[in-house]
Amino acid sequence: MTVRIATWNINSVTARLPKLLEWLESAAPDVLCLQELKCSTDAFPYDAVAELGYRTEAHGTGRWNGVAILSKLGFEDVVRDLPDQPGFLADDAMLPVVEPRAIGATCGPVRVWSVYVPNGREVDHAHYAYKLQWLETLRDVIREDAAGARPFAVLGDFNVAPTDEDVFDVAAFEGLTHVTAPERAALTALQEAGLQDVLPRPLKYDRPYTYWDYRQLAFPKNRGMRIDLTYGNKAFADAVTDSYVDREARKGKGTSDHAPVVTDLEL
DNA sequence: ATGGCAACACTTTGTTGA
């Protein structure tokens with residue numbers, strides 16, 4: 001069977017609902033992993049996407065973060081949060097909070113995680129240590145599925161550019177998060193656990209960036225980054241027939257600052 | 001030069017994002 005799986009940091013599913021529905025109709029993925037819902041689990045627009053044939057498993061608490069999986073292939077074994085997922089201790093908080101950044105499910109023949117990896121903010125910030133710890137936990141959680149025979153992938157906003165080629169100008173990121181050696185080592189650890197970076201093709205230019213800042217005409221100037229990734233195990237990667245970044249969805253007003261990444265499989 | 005865009009909620013300004 002042919003299966004189309006996509007990931008998209010939507011930057012508010014309520015603000016982006018018209019764009020989401022339009023994209024679901026045109027791209028018609030079987031499974032879509034969303035990040036940055038910016039709404040609670042209850043506030044997700046379930047009915048609107050159900051009219052297009054999708055069931056949804058969402059995980060959100062409100063203003064920040066939030067992840068979901070939309071599926072035309074049903075759901076089994078839905079898991080909210082990574083087992084032993086680290087929390088983040090905010091400046092004004094007494095206790096660390098486990099944020100809604102991961103949801104896993106089996107959709108037909110494929111098991112997926114939709115993940116929104118912490119940003120890290122600055123290299124000397126507690127959020128950066130949190131990011132590395134979060135990625136380490138992810139590595140531990142995916143180990144069994146990564147080594148298994150069932151097609152499996154982690155898709156989402158990893159907030160790490162895997163190589164220098166994945167940012168428009170490496171000099172512009174000197175000393176910043178997203179390109180540091182420890183962050184990239186965390187991605188390498190996922191690969192050592194059995195996952196492969198499914199490199200999408202760009203629809204324009206030479207590199208498949210997935211994120212462009214809203215400011216200073218970054219998109220028309222193609223000052224982008226590739227941080228939205230599809231990490232599949234061998235069974236998944238071997239089944240890939242095509243993968244691309246749908247930069248068309250980044251065009252115009254009222255879009256997310258991320259583009260969807262689409263992967264087609266023959267299973 | 002700390003802006004610039006966008007979203008959101010508790011402050012219609014401050015926080016977050018990358």
Side-chain angles (χ1 to χ4, degrees), chain A residues 7-20 34-45 58 60-68 87-94 96-101 114-132 134-135 156-184 186-187 207-229 245 247 249-261:
Chain A
T7 182
W8 194 7
N9 178 322
I10 195 87
N11 189 14
S12 173
V13 72
T14 49
R16 213 71 59 211
L17 185 57
K19 296 284 186 188
L20 173 62
L34 291 176
Q35 302 86 37
E36 281 212 85
L37 303 181
K38 295 187 172 179
C39 74
S40 67
T41 300
D42 290 346
F44 190 95
T61 52
R63 188 176 182 185
W64 290 306
N65 313 305
V67 288
F88 181 64
L89 180 63
D91 292 339
D92 56 349
M94 298 289 289
V97 174
V98 175
E99 301 168 315
R101 294 180 175 275
S114 174
V115 299
Y116 178 45
V117 177
N119 170 294
R121 299 186 189 167
E122 292 161 30
V123 172
D124 60 357
H125 196 286
H127 211 264
Y128 179 81
Y130 168 52
K131 178 181 195 172
L132 295 178
W134 204 97
L135 283 165
D157 180 352
F158 282 71
N159 272 317
V160 181
T163 74
D164 286 354
E165 303 302 306
D166 294 310
V167 295
F168 66 91
D169 177 8
V170 70
F173 291 87
E174 179 85 41
L176 300 182
T177 60
H178 294 61
V179 299
T180 67
E183 290 167 286
R184 287 175 171 169
L187 296 186
R207 290 299 301 178
Y209 299 144
T210 66
Y211 162 86
W212 300 261
D213 198 294
Y214 284 121
R215 296 165 288 185
Q216 298 182 319
L217 302 173
F219 180 66
K221 291 178 178 175
N222 199 33
R223 296 164 67 89
M225 312 170 72
R226 185 172 76 96
I227 54 176
D228 300 273
L229 309 174
V245 180
R247 73 186 298 280
R250 180 63 178 78
K251 288 183 176 178
K253 290 197 74 74
T255 69
S256 171
D257 41 3
H258 296 250
V261 181

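Letters A, B, ... mirror the listed sequences (proteins, then strands); counts begin at 1.
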Taking only the [atom1] atom of each, what is the distance from [N] to [M] in whole angstrom?
{"N": "B/dC8", "M": "B/dA18", "atom1": "P", "value": "15 Å"}
{"N": "B/dT12", "M": "B/dG17", "atom1": "P", "value": "22 Å"}
{"N": "B/dA1", "M": "B/dA6", "atom1": "P", "value": "26 Å"}
{"N": "B/dT11", "M": "B/dT16", "atom1": "C1'", "value": "16 Å"}
{"N": "B/dT13", "M": "B/dG3", "atom1": "P", "value": "15 Å"}

[X] has an atom [atom1]; how far is it from atom [atom2] of [N], in whole Å?
{"X": "A/Trp64", "N": "B/dA9", "atom1": "CH2", "atom2": "P", "answer": "10 Å"}
{"X": "A/Gln35", "N": "B/dG17", "atom1": "CD", "atom2": "P", "answer": "14 Å"}
{"X": "A/Trp212", "N": "B/dG17", "atom1": "CH2", "atom2": "C1'", "answer": "17 Å"}
{"X": "A/Phe158", "N": "B/dA18", "atom1": "CZ", "atom2": "P", "answer": "14 Å"}
{"X": "A/Leu176", "N": "B/dG17", "atom1": "CG", "atom2": "C1'", "answer": "13 Å"}
{"X": "A/Asp213", "N": "B/dC5", "atom1": "CG", "atom2": "C1'", "answer": "7 Å"}
{"X": "A/Ile10", "N": "B/dA6", "atom1": "CD1", "atom2": "P", "answer": "16 Å"}
{"X": "A/Tyr211", "N": "B/dA18", "atom1": "OH", "atom2": "C1'", "answer": "5 Å"}

Indicate whether OP1 or OP2 belonging to [N] is found under 4.0 Å from a side-chain N or O atom of [X].
{"X": "A/Asn11", "N": "B/dA6", "answer": "no"}
{"X": "A/Arg215", "N": "B/dG3", "answer": "no"}
{"X": "A/Thr255", "N": "B/dA6", "answer": "no"}
{"X": "A/His258", "N": "B/dA18", "answer": "yes"}

A/Gln216 or A/Leu37, whichever maps to the more 5' nucleotide of DNA chain B
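So the residue in question is A/Gln216.
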
Considering heavy-atom distances to DNA chain B, does A/Leu217 or A/Gly62 have its closest nucleotide positioned more toward the 5' end?
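The residue whose closest nucleotide sits nearer the 5' end is A/Leu217.
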
If you only use heavy atoms from C-beta on, which nucleotide in B/dA6, B/dT16, B/dA18 is closest to the side chain of A/Tyr214?
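So the nucleotide nearest the side chain must be B/dA6.
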
Is it true that the side chains of A/Ser114 and A/Gln35 contain a donor and an acceptor less than 3.5 Å apart?
yes

With a 4.0 Å cut-off on heavy atoms, is [X] in touch with a base, just the backbone sugar-phosphate, or nothing at all?
{"X": "A/Ile227", "value": "sugar-phosphate"}
{"X": "A/Asn65", "value": "nothing"}
{"X": "A/Phe173", "value": "nothing"}
{"X": "A/Asp228", "value": "nothing"}
{"X": "A/Asn119", "value": "base"}
{"X": "A/Tyr116", "value": "sugar-phosphate"}
{"X": "A/Arg16", "value": "sugar-phosphate"}
{"X": "A/Ser12", "value": "sugar-phosphate"}

Could you tell me whether the side chain of A/Leu34 reaches within less than 4.5 Å of the side chain of A/Val67, counting heavy atoms only?
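Result no, sub-4.5 Å side-chain heavy-atom pair not found.
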
Can you tell if the side chain of A/Arg223 reaches within under 4.5 Å of the side chain of A/Asp169, non-hydrogen atoms only?
no

If you take the centroid of each ring, where Trp contributes its six-membered ring, are A/Phe168 and A/Phe173 closer together than 6.0 Å?
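Under 6.0 Å, so yes.
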
Taking the six-membered ring for Trp, are the ring centroids of A/His125 and A/Tyr128 within less than 6.0 Å of each other?
no

Decide, yes or no, whether a salt bridge links A/Glu183 with A/Lys131 under the criterion of side-chain N to carboxylate O below 4.0 Å.
yes

Heavy atoms from other residues, nucleotides or ligands near CZ of A/Arg207 exceed 12 (cutoff 6.0 Å):
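Yes.
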
